[in-house]
Number of protein chains: 2
Amino acid sequence: MIINQATDYGFRAVCYLAQQPQGEVVEAHTIAQNIVVPIRFLLKIMPSLIKAGIVKSQRGVGGGYMLARAPQEITLLNVLEAIEGPIRLNRCLIDPDYCSRNAAAYCEIHDALADIQKKLSQEFDRYNFADLAD
Amino acid sequence: MIINQATDYGFRAVCYLAQQPQGEVVEAHTIAQNIVVPIRFLLKIMPSLIKAGIVKSQRGVGGGYMLARAPQEITLLNVLEAIEGPIRLNRCLIDPDYCSRNAAAYCEIHDALADIQKKLSQEFDRYNFADLAD
DNA sequence: TAAAACTATACTAATCGAGTAAACAATCTG
DNA sequence: CAGATTGTTTACTCGATTAGTATAGTTTTA
């Protein structure tokens with residue numbers, strides 16, 4: 001019921017990139033310093049954001065990271081799912097076989113959780129980084 | 001971002017009790033069998049529900065558990081908080097000093113998460129066990 | 001007073017989270 | 001093209017948490 005530290009750092013990193021002039025490439029150590037995150041940990045997180053099409057990277061001298069699309073097109077949900085996968089409130093919502101009662105198909109609680117989970121995703125999706133970076 | 005197994009079991013236990021005739025005392029092993037939960041684990045969870053005023057217990061021969069108040073007065077949020085404490089999406093929402101940037105006071109992300117967290121609590125609070133037990 | 005029930009506390013094994021390390025691959029510059 | 005720079009990949013560690021088990025204790029009632 002708590003987001004990962006990595007996700008928190010991911011939010012900060014994307015927010016920081018959204019605050020840079022458009023097209024500016026920022027290297028990892030600069031990002032890490034500004035958002036106050038251990039650089040090695042940040043370096044491990046970034047590839048997830050790249051695979052999700054949220055940021056782009058450039059290697060070699062003068063390399064670094066930049067957003068891969070407009071900040072208003074990136075939501076908290078996008079970053080969260082890129083780093084820790086889809087939101088799941090309960091394991092039975094991923095794998096019905098997980099339920100020790102084998103009741104996923106008719107369980108009222110299952111339905112309620114599925115509903116809440118959907119609402120939660122929508123809430124995370126309401127926030128984009130153009131607004132957050134202000 | 002996922003609820004505890006204990007919370008899941010708590011939901012089931014309260015739901016099962018809500019399905020019993022009013023005032024009926026049900027012993028732990030009966031509950032455990034019906035909701036398919038290890039009895040020792042269930043026995044460990046129940047005291048949290050008692051402390052939260054959700055169920056009552058009776059010791060000795062013929063003892064067991066019953067709801068402490070009407071099912072419509074018990075929500076998913078009540079049970080969740082009884083078992084795993086208040087919902088917190090991020091540690092900085094409990095303890096602002098936790099933020100490695102020390103930015104909780106002015107961080108836009110912090111505000112967004114606080115907002116989402118509030119909505120999430122409200123969602124869990126919308127479901128009561130009179131409805132869930134149908 | 002003995003058995004039946006819940007309570008409290010401590011223990012354990014497995015998993016997960018956060019962070020570190022090291023070897024590697026790409027890119028630029030002189 | 002050599003070497004420095006910067007990101008990538010994968011593996012490792014250590015501590016915390018989770019899920020569950022065990023045991024000794026307390027209350028109640030027949």
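Everything numeric here is computed off the predicted structure, so don't read it as measured data. So that the names make sense, note that chain A is the first sequence line, chain B the second, and so on, each numbered from 1.
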Student: Under 4.0 Å: is that the gap between some side-chain N or O of A:S57 and OP1 or OP2 of D:dT8?
Tutor: yes
Student: Expressed in angstrom and rounded to an integer, what is the separation of B:I39 atom CD1 from D:dA22 atom P?
Tutor: 13 Å
Student: For the backbone of B:Y98 and the side chain of B:R91, can you confirm whether one donor and one acceptor N or O come within less than 3.5 Å of each other?
Tutor: no
Student: Please report the interatomic distance CD1(A:I54) to CZ(A:R69), rounded to the nearest 0.5 Å.
Tutor: 5.5 Å
Student: How many whole angstroms separate atom CE of B:M1 from atom C1' of C:dG17?
Tutor: 15 Å
Student: Is there side-chain contact between A:R101 and A:C99, with at least one heavy-atom pair below 4.5 Å?
Tutor: yes
Student: Give the rounded distance in Å between these two atoms: CG of A:L43 and P of D:dA11.
Tutor: 18 Å
Student: Return no unless some side-chain N or O of B:R91 is found under 4.0 Å from OP1 or OP2 of C:dA18.
Tutor: yes
Student: For A:G60 and for A:K51, locate the closest nucleotide of DNA chain D by heavy-atom distance; then report the residue assigned to the nucleotide nearer the 5' terminus.
Tutor: A:G60
Student: Between D:dT8 and A:Y65, is there an OP1 or OP2 to side-chain N/O distance shorter than 4.0 Å?
Tutor: yes
Student: Describe the nucleic acid contact of B:I45 in one word from base, sugar-phosphate, nothing, applying a heavy-atom distance below 4.0 Å.
Tutor: nothing
Student: Take atom CE of A:M46 and atom C1' of D:dT9, then tell me their distance rounded to the nearest Å.
Tutor: 16 Å
Student: Could you state the CZ-C1' distance from B:R40 to C:dA13, rounded to the nearest angstrom?
Tutor: 17 Å
Student: Please report the distance, rounded to the nearest Å, between CD1 in B:I83 and P in D:dA19.
Tutor: 11 Å
